[in-house]
2 protein chains.
Amino acid sequence: MRHRLKDVAERAGVSVKTVSNVVNGYVHVRPDTRARVEEAIAELNYRPNLSARHLRKGRTGVIALAVPELDIPYFAELARHVVTAAADFGWTVLIDQTGGGREQERVVASGITDHLIDGLIFSPLALTAEDLASLDGTPMVLLGERIDHGPADRVVIDNVGAAREITSHLIGLGRRRIAVVGSQRTDEGASARLRLAGYADALRAAGLDYDEALVAPAPAWHRADGAAAMRGLLTSGVRPDAVFCFNDTLALGALRALHEAGLRVPEDVAVVGFDDIEDGRFSIPTLSTVAPDKAQIARLAVELLANRLDGDRTAPAREVSAPYRLEFRESTQTP
Amino acid sequence: MRHRLKDVAERAGVSVKTVSNVVNGYVHVRPDTRARVEEAIAELNYRPNLSARHLRKGRTGVIALAVPELDIPYFAELARHVVTAAADFGWTVLIDQTGGGREQERVVASGITDHLIDGLIFSPLALTAEDLASLDGTPMVLLGERIDHGPADRVVIDNVGAAREITSHLIGLGRRRIAVVGSQRTDEGASARLRLAGYADALRAAGLDYDEALVAPAPAWHRADGAAAMRGLLTSGVRPDAVFCFNDTLALGALRALHEAGLRVPEDVAVVGFDDIEDGRFSIPTLSTVAPDKAQIARLAVELLANRLDGDRTAPAREVSAPYRLEFRESTQTP
DNA sequence: AACGTTGCCTACAACGTTGTACAAACGGTG
DNA sequence: CACCGTTTGTACAACGTTGTAGGCAACGTT
């Protein structure tokens, strides 16, 4: 049913290699030969077999993007941008969910890596530099977090700086009892640690005390976790006048919990998130947040991967930084 | 750097094929030979080359899922379920965004199909039965919509019935001026047409008039479109007491627009959506909606594909139906 | 003792493609 | 007209894997 180079060659009356040359745009093919071959290709609706091509050339034209969870909007939006950026390089993107656990991430990183793909863009939650070191072979670009100094290229954003700035914004509004939602004790929460550090920095700079009671952990960063953490804070008796949630989905959950408790946002409690997902632009109230430039993150990641693929695979790992900006919306601004 | 069967074979002192047999779990291999081979595999960290395997076997172990947009939460959630269901069959899922236009969908359907994948699960917005017919080869399962009677297997939900039920629910609440957000005139909106039909059915059954002025079109089904359509309805002077949005993101946008207009939900206007995305469980107010069983849709799709791959490829196309239920939340219930 | 039968393993070819080496045809030059 | 370089095409091998055919022991059966 499916045709091969050989079929096209027979139909056009040339050798298999000549058809291959036409398909690959090789120059030295007489115009009339080329025309005959192209006609045969069209008639048979020939399409190259990518597996065979890969086997021969060592390239598939497919890269993978591994993220913890697709139904966390931040990763879905990021995935969209990566797909778009990769298209400019002629790549198809295979998207994979890791689930976020260390073991699962190891499996994906080593398993996916196998042979189908040319490279991997990886957004790890729990993977350690040690795990990475054991992954020889496929070029990889890490997203978002610093796994100390592992061997791979990375695109990072300044988590500490961003967290400091958005916390300072809350302080600038006159808020003094600023709670945190989303801290994580485990090693898995690199983002959480960095954002907490930025928060603490900002408090210190403003001469405010760091109060452990205001820091609410969240096992994962879904809406439900945010709502639960916020309820926990409220019932514990602490009365925050602002909340810094470590991502937007946590913040949306927190908004919900505040609403249920009858507290007004931002009048009673100001709320900020992190990620700038689309939901936050339509929530009630709309959500102030740190907006990492996702398109830029995606583009940088794809470019790093392209450089690595075309260039020196043993060159030292590069780290590039993507910009962010703060978005001030209703959740911190009285109308 | 990467090892092949040959390397393992040399190390274990057996033939290449024997190693292949061990890898594939062939029975007739003496235990001690098997042990030797497995040891060599472990030492060299051998991993099979999937391209070569595919070239030889005609199977990749990869299926593709093509959806219009990943940052529409419904599709992200669906993707997650498909990945999970596919894992049970030992498949990796390659996720692709089509963008939703007819031409783009054709490109994806025919292009992706090429050779890397065993099968395709496709959620089309605009593709016609005609387009599909021209895609020979790769088995395909269509999701969600009925492209008349095309040649492919499908998983559908009863859009008309679900729309009728949720509209009837609104009527049962005493609402009489029920608006619609999300209608589409083009051929692209199969869902829109079916849901509109269900809406009209329910009105008719209740003896209510169908009023064109209450039907607001939406070019796409994002939050922004829902907000714009709702604003349009409000400024046009019609005063709906309920709104049926054709999906949840539209509904979230509509909630926003109603909030900005100072209208209370559900007291002044009841709102329902369709899809049951996570956002709707945390929005303010929480959103009543039609909840298709996404896990079931995903499982059925993967099973259909598996049957098609293992069984008769020329058997007539099958159509299976996935269940849904109604979720009543705050947006239709006064506390 | 001769004969299958079974278990275990090997050699070879093939999947569809492209790089390499080379042959044939062509055109221009001395 | 002999020579040479360029253009255009071909044949062959190889990428890493698995299906097929078959060989060789070891065993039980006649």
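Note: hydrogens, waters and symmetry copies are ignored here, and every other heavy atom, side chains too, is used. Note that the structure is predicted; figures quoted are calculated from it, not measured.
- If you check distances only, the side chain of A:Lys6 never reaches the base of C:dG16 with a donor-acceptor pair under 3.5 Å.
- If A:Val23 and A:Arg30 are placed on DNA chain C by their nearest nucleotide, the residue sitting closer to the 5' end is A:Val23.
- Set against C:dT10, C:dG16, C:dC8, the side chain of B:Lys17 has C:dT10 as its closest nucleotide.
- If you check every strand for non-hydrogen atoms under 4.0 Å, B:Tyr26 touches nothing.
- A:His222 pairs by the side-chain contact (heavy atoms from CB on, under 4.5 Å) definition with A:Glu69, A:Ile72, A:Ala220, A:Asp225, B:Glu278, not counting sequence neighbours.
- A:Glu43 CD to A:His3 NE2: the interatomic distance, rounded to the nearest 0.5 Å, is 10.5 Å.
- A side chain to side chain contact (heavy atoms under 4.5 Å, CB included) with B:Arg318 is found for exactly one of B:Val155, B:Leu300, B:Asp153, namely B:Asp153.
- A donor and an acceptor atom sit less than 3.5 Å apart, one in the side chain of B:Arg56 and one in the base of D:dT18.
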What are the atom names and distances for every N/O pair under 3.5 Å that joins the protein to nucleotides 23-25 of chain D?
none

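- Nearer to the 5' terminus of DNA chain C, by closest-nucleotide assignment, is the contact made by B:Thr33 (compared with the other of B:Thr33 and A:Leu55).
- Residues passing the side-chain hydrogen bond (donor to acceptor under 3.5 Å, both in side chains) test with A:Arg36: none are found, sequence neighbours excluded.
- Atom NZ of A:Lys57 sits about 10.5 Å away from atom CG of A:Asp118, to the nearest 0.5 Å.
- In this structure, B:Asp71 pairs ionically with A:Arg80, as a charged nitrogen and a carboxylate oxygen lie closer than 4.0 Å.
- Remark: A:Leu70 CG to B:Leu70 CG distance equals 6.0 Å, nearest 0.5 Å.
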**Item:** Pairing string, 5' to 3', for DNA chain D - Watson-Crick or wobble contacts under 3.5 Å, brackets [ ] where pairs cross, | to another strand
**Value:** ||||||||||||||||||||||||||||||

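- Separating the CZ atom of A:Arg34 from the C1' atom of D:dG9 is a distance of 13 Å, rounded to the nearest angstrom.
- By the 4.5 Å heavy-atom criterion applied to side chains, A:Leu78 and A:Leu143 are counted as neighbours.
- Between A:Leu120 atom CG and A:Ile63 atom CD1 the span is 9.0 Å, to the nearest 0.5 Å.
- Computed from coordinates, the B:Arg53 CZ to C:dA14 C1' distance equals 17 Å when rounded to whole Å.
- A:Arg299 contributes atom CZ, which lies 11.0 Å from atom CG of A:Leu304 (distance to the nearest 0.5 angstrom).
- Atoms CZ (A:Arg36) and P (D:dT8) sit 14 Å apart, rounded to a whole Å.
- Side-chain atoms of B:Asn21 lie closest to C:dT10 of the nucleotides C:dT10, C:dT18, D:dG9.
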Sequence neighbours left out, cut at 3.5 Å: what donor-acceptor pairs do the side chains of residues 16-27 of chain A make with other protein atoms?
unit_1	atom_1	unit_2	atom_2	d
A:Lys17	NZ	A:Asn21	OD1	3.4
A:Thr18	OG1	A:Ser15	OG	3.1
A:Ser20	OG	A:Asn24	ND2	3.4
A:Asn21	ND2	A:Lys17	O	3.4
A:Asn24	ND2	A:Ser20	O	2.7

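- Protein atom CZ of A:Arg4 is 12 Å distant from nucleotide atom P of C:dA14, rounded to whole Å.
- Atom CG of A:Asn24 and atom P of C:dT20 are 14 Å apart (whole Å).
- Looking at A:Lys57, its side chain has no donor and acceptor atom pair within 3.5 Å of the base of C:dG19.
- One atom, CG of B:Leu50, and another, P of D:dC15, lie 18 Å apart when rounded to the nearest Å.
- Within residues 7-15 of chain A, the residues having any heavy atom closer than 4.0 Å to DNA chain D are, in order of number, A:Val14, A:Ser15.
- Contact check, A:Thr18 against D:dT8: no side-chain N or O comes under 4.0 Å of OP1 or OP2.
- In this structure, the separation between CZ on A:Phe75 and OG1 on A:Thr98 is 8.0 Å, given to the nearest 0.5 Å.
- For A:Leu5, taking side-chain heavy atoms from C-beta onward, the closest of the listed nucleotides C:dT18, D:dT8, C:dG16 is C:dT18.
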